[in-house]
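To start, the structure under review is shown below, and the notes come after it.
Just so it is clear, the model here is predicted, and its values are computed rather than measured.
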Amino acid sequence: MSADLSNTFHDELQSLKDLSGLVQLRVKYLGKKGILTAELKSLSSLPAEERKAAGKRVNDLKNLIESELDAKEASLKAEALKAQLLSESIDISLPGKSAGFGRQHPLSRVMSEIADIFVKMGFSIEEGPEVELDKYNFELLNIPKDHPARDMQDTFYVSDEIVLRTHTSPVQVRVMQRQKPPLRFIAPGRVYRCDADITHSPMFHQIEGLMIDRDITFSNLKAVLRTFVHQMFGADTAVRFRPSFFPFTEPSAEIDIGCFLCKQAGCRVCKSTGWLEVLGAGMVNPAVLENVGYDPDEYSGFAFGMGIERIAMLKYAIDDIRLFFDNDARFLRQF
Amino acid sequence: MKVPYKWLKEIAGIDAPVAEAAHRLTMAGLEVEAIEPCGDDHVLEVNVTPNRPDCLSVIGIARELSAIYKTSLNLPPHDVLAHTGALDFNVDILDYDLCHRYAGRIIRGIKIGPSPAWMQQRLEQCGIRPINNIVDITNYVLLEFGHPLHAFDMKKVKGHRIRVATAGCAYPGAEVKITTLDSAERAVPADTLLILDAEDPIGIAGIMGGLHSEVDDTTEDIFIESAYFAPSSIRRSSRALGLKTEASYRFERGSDIKMLKKALDRAAYLVKEIVGGELYGKIDMYPKKFVQTSIDVRYEKVNRVLGINISKEEMTSCLNGLGFEIKTKKDLFNVKVPAFRNDVKRDYDVIEEVARMYGYDNIPAVLPKATIGMETGSEAGSALSGIAGAVRASLLKTGFTEAINLSFMSEADLDMLDIPADNSRRRVVNIKNPLRSEEACMRTMILPSLIRNLKHNLAYGSRDLKIFESAKVFIGNGQDSLPSEEHAICALYYREKAKTLYPETANDFFVIKGIAESILSDLGAAGISFVRSTEPFLHPGQSADIFAGKGKVGYIGALSPVVFDRLGIKSAKPSIIIMEFFIEKLKSAGFNQPRYRQLPKFPAIDRDVAIVLDSSFAASDLNSIISGFGSELIEGISIFDVYQGSNIPEGKKSLAFSIRYRASDRTLTEEEIEGLHSRLVAHLSEKTGGQVRK
């Protein structure tokens, strides 16, 4: 009888489709009015010597049915979950909703890269006016009126005494007038010259640097700027210093780096010289120190300056300076 | 300056390969920018810095080479024999300050013709067009010695007389005109130095000769002038006249007052050799004698400034061949500076000479020992740091791309934005010499530049754009004062309604306002309020000025439709939202310092309310009404719906919000809240004049 019951149960279990069927089946066999419950009740009517063996059989069958129902329930639930997850599936190949970060302008990018290097070397950051007195832009920097050195910088005039600063160097003078040495700062900012073609913009950016203290030497200048070049362009970049002229430094130097575009083999950008001019520098001219009330016998220092557009053009292989100021999104998104 | 290499080799007495010589010149401070092959020779393009007028000549550059290669300089032949006797020719210098020396020679019986081929070739290599034998000789000597000469046709010099005087001195109060060699008639300023004959001006001193006294095919007798003019006077005149010549370029940088006699003799020598004629004695008026500069240089200082340690002998030998007279003493050496080195004035100038001849590459690189000082930097502290840097970083993170524009605009830009005459943005700083009329003044606002960027991008098919610029604007303070430079950050948001995978449903004004609020709260700015804006270029119903306390720190808003119509943008109804922050104003706002508040320990209860009230009611007023109610148990409200339409009367809106109640010391009960909530609802309804929806 129990073998039949067991077979019937297994047949019914086999044909189960869903969880609700399983609940019904559990009730049918194990419920208060279920088949096995009835079987257990009927044991009392058996003779005592049969009762024990019959009881064991019924209990074994009950345990078997319980465990098989549990197993079936678990597998049905797993199937149901699987089906649910499958139905919730999405096309993960669709593009995400862009968080749409903006892009930093390439000039700002280069400018902060440069600033970071000097800030790590202990330079602070200063700024000064862009519309500047002739006195600060020229005269106190040892460029008198009617001096041919003024030809080096085509100047926008607001009045006879007011100009758009042609370089960031007037910041040197303003800071030195305000503070006593030691000084160590850079001054990034916009500068203006009346000139426009594919390599000249009437407005462009420079970073100026100044370090003044006792016993600052030309050899210090070389080390600081060589360190900068190696940080900025790579530790194996060749650097050379050659004499030049700026009215506010003496001795003056121009700093060239080995052309990284042609590995110094000579190309169009380096005009076949293998060298790219990237920085101007020099020991601060004692006349400038005197102009701000420093004693050139007590203090010395060096100054340097570089054009950001030029460095950015070299770094990103940009051939027309005007691209920086068109602000074409197709250009800006490349950086 | 262009120089044929063979010419340099002759004078410098060297025989080095051209590339090597060019490299060594470059490393000594005369940058060779190009080496052009030219027949069996090379032409060097040398970049001569303004402090080295002596190197605007073959001899000057050759002197550098001979100093580098330790050879001796071979000056070209210039010894001449002249007739002696009466000249019947007078020179008067009427202004010693502007003309320190004036020399000349007369050569009679010459025949004008072409100059020899070798001379023409060298002139052409240097970029000078051959004209005739006499003019070519003066130009040749100009290139060779760097000293400008000028040849006059004697028969056109009236009264056998030359006078050197300013226009104002020769013709007091009168307007002076002269036709120069280039056939242009020029009005001469009163302080310009002229060369005159007995009657008329025959040249502008040091700049260009007069057309009338020019040497031509019929010339038989010439007068060659070799003079020294004060550099600043020549520069002023050249600029005033807008006339730059090979001569003025050299005179304004400083010519060699001593060499001018040799240059004159060299020209005379070449005329004798090439053209012939009879040479007469020299005129040499030299009223203002050259005073030689003498400089003491301490050995110790040279080593100290350069960071090297070289011996006295090494130091002074660096200077050999450059034309300095050197006397060594115990602790110092004395340098007497030749006339052609007017750039060497003090010990630092000599130190530079030592450094460049010693070789910058030979100076070791040693990092400085820094003194720790007060390197605090200015509070302004650059666009990349501080408040401006924080706003900039937030804009980048919220999707705005950084633009950089020229700092120029024109007043038409302000007209486009309806900026009224009394607005401070009308106090523009005008540039006297702008490159373009659209760039005639400094920007008083960034917005016009961003609008230009927008139009540029739309022209290339862009359908949305989020850009900003962080820059100074310039508010004028009158002609004689520097303007106020104020840092501003302006952002422009442009969006067309387009098919998109993930549509943005919020009104764009609120998208940008959300960014503004996040930026301000990130900064910790205190007392922020948004008040309807009066900016003339914004939509009056969709714009707000941003205040921090009583100071206006910026604005946001939709671009006014009136302004939009002027832009000629074709797209239908795009949304354009502008946001600007005034950084200095923002800096002076108050800032909240973070301060810890205990985290709530007990649960909150939320109750929703909807009120129908006037559509002009400002939702932000709910906050003050609720704080006026004065219950500590109200934690805050959050608005979740604003509705106008069916079921809501005309001129009204429904505002739905959730009120959160919480006690800090216990769990609130439903009963406790019930009474409080109904009293608050009654309060709201009374204060707003609205009807609570059931």
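Residue Glu352(B) comes nearest to Ser244(A) through the heavy atom pair OE2-O, 3.8 Å, listed as atom of the first residue, atom of the second, then distance. Residues Ala287(A) and Arg346(B) come closest through the heavy atom pair N-NH1, 3.8 Å. Nearest heavy-atom pair, Arg304(B) versus Asp215(A), reported as atom, atom and distance to 0.1 Å: CD-OD1, 3.9 Å. In terms of heavy atoms, Pro243(A) sits closest to Thr26(B) at CD-O, 4.1 Å. For the pair Val131(A) and Glu485(B), the tightest heavy-atom approach, listed with the atom from each and the gap, is N-OE2, 2.8 Å. Between Glu132(A) and Leu482(B), the shortest heavy-atom contact is C-CD2, 3.8 Å.
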Original post:
Can you check salt bridge (Lys or Arg N to Asp or Glu O under 4.0 Å) on Arg242(A) and Asp361(B), steps first, answer last?
Top reply: CA-CA 8 Å; Arg242(A) 59 184 164 77; Asp361(B) 278 350; over 6 Å; no
**OP:** Run the numbers on Asn220(A) and Leu367(B) for side-chain contact (heavy atoms from CB on, under 4.5 Å), then give the verdict.
**Re:** CA-CA 5 Å; Asn220(A) 296 153; Leu367(B) 280 168; over 6 Å; no
Subject >> Steps toward side-chain contact (heavy atoms from CB on, under 4.5 Å) verdict (Met442(B), Leu164(A)) >> reply: CA-CA 9 Å; Met442(B) 300 302 284; Leu164(A) 305 191; 3.7 Å; yes
**OP:** Could you give me the CA-CA distance, side-chain angles and deciding distance for Thr217(A) and Val366(B), then say whether side-chain contact (heavy atoms from CB on, under 4.5 Å) is met?
**Re:** CA-CA 9 Å; Thr217(A) 67; Val366(B) 179; 5.9 Å; no
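A distance-only check finds a donor-acceptor pair linking the side chain of Asn457(B) to the backbone of Ala329(A) [under 3.5 Å]. Using a distance-only test at 3.5 Å, with no hydrogens or angles considered, no donor-acceptor pair links the side chain of Lys369(B) to the main chain of Ile216(A).
Only the backbone of His147(A) comes within contact range of chain B, with at least one heavy atom under 4.5 Å from a heavy atom of that chain. Heavy-atom distances place no part of Ser272(A) under 4.5 Å from chain B, backbone and side chain included. Both the backbone and the side chain of Asn433(B) come within less than 4.5 Å of a heavy atom in chain A. Contacts between Thr398(B) and chain A at a heavy-atom distance below 4.5 Å involve the backbone alone (N, CA, C, O). Heavy-atom distances place both the backbone and the side chain of Tyr157(A) under 4.5 Å from chain B. With a 4.5 angstrom heavy-atom cutoff, Ser481(B) touches chain A only via backbone atoms. When heavy atoms are compared at a cutoff of 4.5 Å, Arg298(B) approaches chain A solely by way of its side chain, counted from C-beta outward. Lys466(B) does not touch chain A: none of its heavy atoms, backbone or side chain, sits under 4.5 Å away. Ser98(A) does not touch chain B: none of its heavy atoms, backbone or side chain, sits under 4.5 Å away. Only the backbone of Ala28(B) comes within contact range of chain A, with at least one heavy atom under 4.5 Å from a heavy atom of that chain. The parts of Ile363(B) that come within reach of chain A are both its backbone and its side chain, each placing non-hydrogen atoms under 4.5 angstrom from that chain. Only the side chain of Arg174(A) comes within less than 4.5 Å of a heavy atom of chain B; its backbone N, CA, C and O stay farther away. Both the backbone and the side chain of Tyr348(B) have a heavy atom closer than 4.5 Å to some heavy atom of chain A. Heavy atoms closer than 4.5 Å to chain A are found in the side chain of Val429(B), but not in its backbone. Proximity to chain B (any heavy atom under 4.5 Å) is shown, for Asp256(A), by neither the backbone nor the side chain. For a residue to count as touching a neighbouring chain, one of its non-hydrogen atoms must lie under 4.5 Å from one of that chain's; by this rule Glu250(A) touches chain B with backbone and side chain alike. Of the atoms belonging to Pro231(B), not a single heavy atom falls under 4.5 Å from chain A. For Ala187(A), no part lies under 4.5 angstrom from a heavy atom of chain B. The parts of Leu406(B) that come within reach of chain A are both its backbone and its side chain, each placing non-hydrogen atoms under 4.5 angstrom from that chain. For Lys455(B), no part sits under 4.5 Å from any heavy atom of chain A, backbone or side chain. At a 4.5 Å heavy-atom cutoff, the contact between Asp480(B) and chain A is made by backbone atoms alone. Residue Met121(A): no heavy atom, backbone or side chain, is found under 4.5 Å from chain B. In this structure, the portions of Pro95(A) lying under 4.5 Å from any heavy atom of chain B include both its backbone and its side chain. Only the side chain of Ile162(A) comes within less than 4.5 Å of a heavy atom of chain B; its backbone N, CA, C and O stay farther away.
Counting only N and O atoms by type, the side chains of Tyr192(A) and Ser407(B) include a donor and acceptor under 3.5 Å apart. Side-chain polar atoms of Glu402(B) and Ser108(A) form a donor-acceptor pair below 3.5 angstrom.
Heavy-atom pairs under 4.5 Å with chain A were tallied for Leu501(B), Leu465(B), Thr49(B), Leu435(B); the largest tally goes to Leu435(B). Put simply, of Pro106(A), Ser300(A), Pro202(A), the one with the most heavy-atom pairs under 4.5 Å next to chain B is Pro202(A). For chain A, the option among Asp349(B), Val354(B), Ile404(B) with the highest count of heavy-atom pairs below 4.5 Å is Ile404(B). Listed options Gly307(B), Gly29(B), Pro368(B), Ser449(B) were ranked by heavy-atom pairs under 4.5 angstrom with chain A; first place goes to Pro368(B).
Expressed to the nearest 0.5 Å, how far CG of Asn327(A) lies from CZ of Phe468(B) amounts to 11.0 Å. Note that CD1 of Ile467(B) and NE2 of His105(A) are 10.5 Å apart. Values are rounded to the nearest 0.5 Å. Within the model, atoms CG of Asn405(B) and CE of Met203(A) stand 7.5 Å from one another, a figure rounded to the nearest 0.5 Å.
Between Asp160(A) and Lys432(B), the closest side-chain pair of non-hydrogen atoms falls below 4.5 Å. At a threshold of 4.5 Å between non-hydrogen side-chain atoms, the residues Arg236(B) and Lys145(A) do not count as touching. Counting heavy atoms from C-beta outward, Arg240(A) and Met27(B) have side chains that approach closer than 4.5 Å. Residues Ser219(A) and Ile308(B) form no side-chain contact, since every pair of their non-hydrogen atoms from C-beta on lies 4.5 Å or further apart. Residues Arg150(A) and Arg235(B) are in side-chain contact: their nearest non-hydrogen atoms beyond the backbone lie under 4.5 Å apart. Taking 4.5 Å as the limit, every side-chain heavy atom of Asn430(B) sits out of range of all side-chain heavy atoms of Val158(A). Two residues are said to be in side-chain contact when any heavy atoms from C-beta on lie closer than 4.5 Å; Lys397(B) and Phe101(A) meet this criterion. With a 4.5 Å cut-off on side-chain heavy atoms, Asp326(A) and His456(B) count as touching.
At a threshold of 4.0 Å, the pair Arg239(B)-Asp146(A) does not count as salt-bridged, since none of the basic side-chain nitrogens sits closer than that to a carboxylate oxygen. In summary, Arg190(A) and Glu469(B) engage in a salt bridge, as defined by a charged side-chain N under 4.0 Å from a carboxylate O.
Note that Arg330(A) lies in the cation-pi zone of Tyr460(B), set by a 6.0 Å cut-off to the ring centre and a 45° limit from the axis.
Residues Phe156(A) and Phe408(B) bring their aromatic ring centres within 6.0 Å.
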